[in-house]
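Please read the structure below before turning to the comments.
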Amino acid sequence: MAKKSIVDFEKIKQELSDLPTPIQVIDQNAKVVNKEAFDSFSDDQLVEFMEKMVWERALHEQTMNFSRQGRMGFYAPTAGEEASEMGTVMAMKDQDFLLPAYRDIPQLIQHGATVTEAFWWSRGHVKGNEFKARSLMPQIIIGAAYLETAGVALGLKKNGEDAIAFSYTGDGGTSQGDSYEGMNFAGAFQAPALFIVQDNNYAISVPREKQTAAKTLTLKAAAAGIPAVQVDGMDILACYSVAKAAREYILAGNGPVMIETLTDRYGAHSSAGDDPSRYRSKEAQQPWLDRDPLIRMRKILTDKGLWSEDHEEELTKKYKDSFKDALKEADAVEPEKVSDMLKRTFEVPTPEMQVEIAKFEEKESK
Amino acid sequence: MTKKSYIQAITDALDIELQEDPKTLIFGEDVGKNGGVFRTTQGLQEKYGEDRVFDTPLAESGILGLSIGLGLTGWRPLPEIQFSGFTLEGVDSIAGQMARMRFHFNGKQTSPITIRSPYGGGTHTAEMHSDNFENFFVGVPGLRVVMPSNPYDAKGLLISSIENNDPVLYLENLKLYRSMKDDIPDEKYSVPLDQANVVQEGNDVTLVAYGAQVQEAQKAAEELAKDNISAEVIDLRTVSPIDTQTIFKSIEKTHHVVVVQEAQKMAGVGAQVASAIAEEAIMSLDAPIGRVAAPNSVYPFALAEEAWIPRKDEIVAKAKEIINY
């Protein structure tokens with residue numbers, strides 16, 4: 001008979017899998033599952049949530065149209081993530097510091113950048129980074145955002161500010177080692193950081209279950225001593241409520257929090273055109289489309305007599321018109337000059353750079 | 001004036017800057033109570049408190065990323081990376097993030113960060129502790145790389161680096177930490193960035209060096225003088241950007257140049273100096289550009305480093321070779 005092991009690893013593994021169900025306020029059938037939380041919202045607030053999601057869906061549709069027309073640069077589609085993005089960002093205050101990733105342009109706009117600036121960013125014009133919002137520009141190296149978030153949060157704490165850092169990444173971002181370092185630093189310094197992981201099922205083409213053997217991404221925060229919670233990322237009321245509660249908890253001096261929103265990216269990774277049909281079947285995606293965040297809010301508001309199809313159409317048109325105006329404004333910008341780029345590499349251009357600047361200024365004057 | 005070692009000069013500069021600017025912060029592994037593994041930050045936590053001088057978890061990427069966030073919220077971070085071999089853990093933070101901050105934001109956000117880290121061989125350290133990785137970093141736009149060769153410059157250049165609003169990688173030579181002393185002013189002074197220093201004037205050959213190799217070049221110059229060869233020694237001090245004008249001016253006079261570095265030969269500071277001369281001042285030369293550098297191997301284990309690191313004899317031989325070309 002085999003000798004009994006001193007430790008039962010299978011049992012430990014099982015314990016790591018026994019996790020609470022994600023937080024919900026309304027389910028996919030628009031049924032209220034947390035009445036107390038639901039009743040805390042006024043009718044006006046409920047309408048505002050829906051309007052924000054309609055705005056983001058319209059932004060998505062219009063930018064994808066612009067992309068097909070060849071009028072955008074790099075842009076990451078957002079359809080499916082409206083509840084996660086709008087719900088969490090609506091818990092943010094102006095004084096809070098945003099650290100967005102490339103798919104978080106809608107939050108950056110909500111936090112104070114203009115749509116025109118977002119289009120400039122997409123096209124790679126530096127004017128897109130001159131926004132007034134308290135934010136870093138959208139991060140491309142998504143794990144890096146965690147480290148910078150720890151630093152921003154520690155800085156806010158040292159400043160004694162009534163503000164926290166909001167950091168956005170996806171499931172793929174949690175695979176980069178820097179994600180652990182960033183959360184660990186924030187935890188060690190008890191810095192006011194909110195790490196929002198938008199678990200949208202795919203890092204380009206690699207599915208969430210191939211990113212890690214961890215049952216949930218919240219477990220990664222646990223290792224850094226950070227409380228973390230899974231939220232139904234298609235339920236805007238849950239996303240908002242949890243982000244708001246997290247902000248209050250963090251501001252009270254309790255250190256960082258991680259939120260994992262379970263959401264879905266309906267389309268391609270980016271407008272540069274990966275083809276999702278190569279790595280994802282329609283059947284596998286259908287359950288997520290059924291959970292669409294707009295469907296459930298639309299039903300709730302319609303039942304309450306606060307919403308109609310006509311109103312939504314009208315709103316969508318209004319939003320799309322405003323995006324068309326923003327693109328026209330974006331078109332009108334002067335092209336960037338290489339001489340200007342050289343001038344802003346250092347505070348004072350080095351002698352070698354002065355030579356280069358003169359060379360490009362001459363070239364550009366022709 | 002007080003006789004101080006290179007390391008004491010660095011501590012001096014940090015003390016002055018912490019005193020003058022309440023926004024400066026020193027952090028890294030063991031920099032607090034322990035005063036740094038080399039005692040560079042000795043006494044600073046005691047004097048300025050744990051809010052200003054603090055230990056971090058053991059993670060270089062974390063330390064450097066933290067610096068960026070602190071810089072964005074109004075602080076002036078002075079992170080220490082315990083050994084320059086460990087900077088590789090934080091290359092994204094340095095090259096991918098902080099060095100392009102000003103460029104990203106059209107000058108509206110900056111990274112006023114000075115990263116300090118010891119480098120260089122000759123002290124029999126463990127692997128990954130002595131590497132000369134400036135070659136990687138000199139190719140990063142928006143980043144300055146400063147490498148002082150003596151205590152006077154160490155203090156003055158560190159003060160300039162900290163007060164500069166762009167990121168600086170300030171590399172401290174391990175061997176020089178305690179092997180030399182200078183009379184240095186007790187008060188604040190600065191040595192300008194981006195300017196090479198003519199350490200010694202001469203007429204027959206220009207020796208361009210930086211870091212600990214400046215001493216080797218000076219020893220070589222003494223040796224050459226015995227054969228009536230007068231060498232001019234230039235200390236680059238800042239290795240990115242490189243002050244090429246000082247070099248060009250010197251070779252107009254000497255018509256011969258030897259470029260010396262401790263780092264491996266390929267694609268680095270010496271290669272950049274040589275190509276700048278080839279591109280813009282080749283007609284000043286009467287002979288090919290001489291180069292003395294470490295071979296293109298991995299940095300050796302301790303017992304082989306004496307043979308691996310370039311020494312004055314190689315500089316002397318190379319100088320004679322090109323003079324007699």
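Letters A, B, ... mirror the listed sequences (proteins, then strands); counts begin at 1.
Contacts of A:Y180 with chain B are absent, with no heavy-atom separation under 4.5 Å from either backbone or side chain. Within the 4.5 angstrom heavy-atom criterion, only backbone atoms of A:S135 (N, CA, C, O) approach chain B. Using a 4.5 Å cut-off between heavy atoms, B:L72 contacts chain A through both its backbone and its side chain. Proximity to chain B is absent for every atom of A:L342, based on heavy atoms less than 4.5 angstrom apart. If you measure heavy-atom distances from A:A150 to chain B, the contacts under 4.5 Å come from both the backbone and the side chain. At a 4.5 Å heavy-atom cutoff, the contact between A:F97 and chain B is made by side-chain atoms alone. Neither the backbone nor the side chain of B:M98 comes within contact range of chain A; no heavy atoms are under 4.5 Å apart. Both the backbone and the side chain of B:D51 have a heavy atom closer than 4.5 Å to some heavy atom of chain A. Contacts of B:T244 with chain A are made by side-chain atoms alone, with heavy-atom separations under 4.5 Å and no backbone atom involved. Neither the backbone nor the side chain of B:L64 comes within less than 4.5 Å of any heavy atom in chain A.
Across all non-hydrogen atoms, the minimal contact from A:N129 to B:F105 is O-CD2, 3.2 Å. Closest approach of A:E347 to B:D166, counting heavy atoms only: N-OD2, 2.8 Å. The two residues B:P241 and A:T350 make their nearest non-hydrogen contact at CG-CG2, 3.3 Å. Pairing each heavy atom of B:G142 with each of A:T345, the nearest pair is N-CG2, 3.5 Å.
Although no hydrogens or angles enter the test, the distance criterion places no donor-acceptor pair under 3.5 Å between the side chain of B:R102 and the main chain of A:R344.
Counting heavy-atom pairs under 4.5 Å between each of A:E352, A:K127, A:K158 and chain B puts A:K158 at the top. The greatest number of non-hydrogen atom pairs below 4.5 Å with chain A, out of B:K108, B:H104, B:Q109, is found for B:H104. The candidate from B:G65, B:S61, B:P141 with the greatest count of non-hydrogen atom pairs under 4.5 Å with chain A is B:S61. With respect to chain A, the highest number of heavy-atom pairs below 4.5 Å among B:D243, B:D194, B:N165 belongs to B:N165. The candidate from B:G71, B:S67, B:G69 with the greatest count of non-hydrogen atom pairs under 4.5 Å with chain A is B:G69. Per-residue heavy-atom pair counts under 4.5 Å with chain B were compared for A:E161, A:M341, A:R134, and the maximum is reached by A:M341. Counting heavy-atom pairs under 4.5 Å between each of A:V348, A:L136, A:L99, A:N184 and chain B puts A:L136 at the top. Here A:V126 is the residue among A:D340, A:T149, A:V126 with the most heavy-atom pairs under 4.5 Å with chain B.
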Practice task
Report the C-alpha separation of B:W75 and A:L154 in whole Å, then their side-chain angles, then the decisive distance to 0.1 Å, and conclude whether the side-chain contact (heavy atoms from CB on, under 4.5 Å) test is met.
Solution key: CA-CA 10 Å; B:W75 298 87; A:L154 182 60; over 6 Å; no

Problem - Candidate pair A:F185 and B:I63, rule side-chain contact (heavy atoms from CB on, under 4.5 Å), full reasoning - result: CA-CA 9 Å; A:F185 269 59; B:I63 292 166; 4.0 Å; yes

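The OG atom of B:S93 sits 5.0 Å away from atom CG of A:L147, with the distance rounded to the nearest 0.5 Å. Separating the CD atom in A:E181 from the CD atom in B:E60 is a distance of 7.5 Å, to the nearest 0.5 Å. Here the straight-line distance linking atom CD of A:E148 with atom OG1 of B:T73 works out to 11.5 Å at 0.5 Å rounding.
Annotation for A:E364: atom CD counts as buried by contact number, over 12 foreign heavy atoms lying within 6.0 Å. Surrounding NZ of B:K253 are more than 12 heavy atoms belonging to other residues, nucleotides or ligands, all under 6.0 Å away. B:E50 CD: 12 or fewer foreign heavy atoms inside a 6.0 Å radius.
No hydrogens or angles considered: nothing links the side chains of A:K343 and B:N106 as a donor-acceptor pair under 3.5 Å.
Both cation-pi conditions hold for B:R144 and A:F346: the charged atom is under 6.0 angstrom from the six-membered ring centre and inside a 45 degree cone around its axis.
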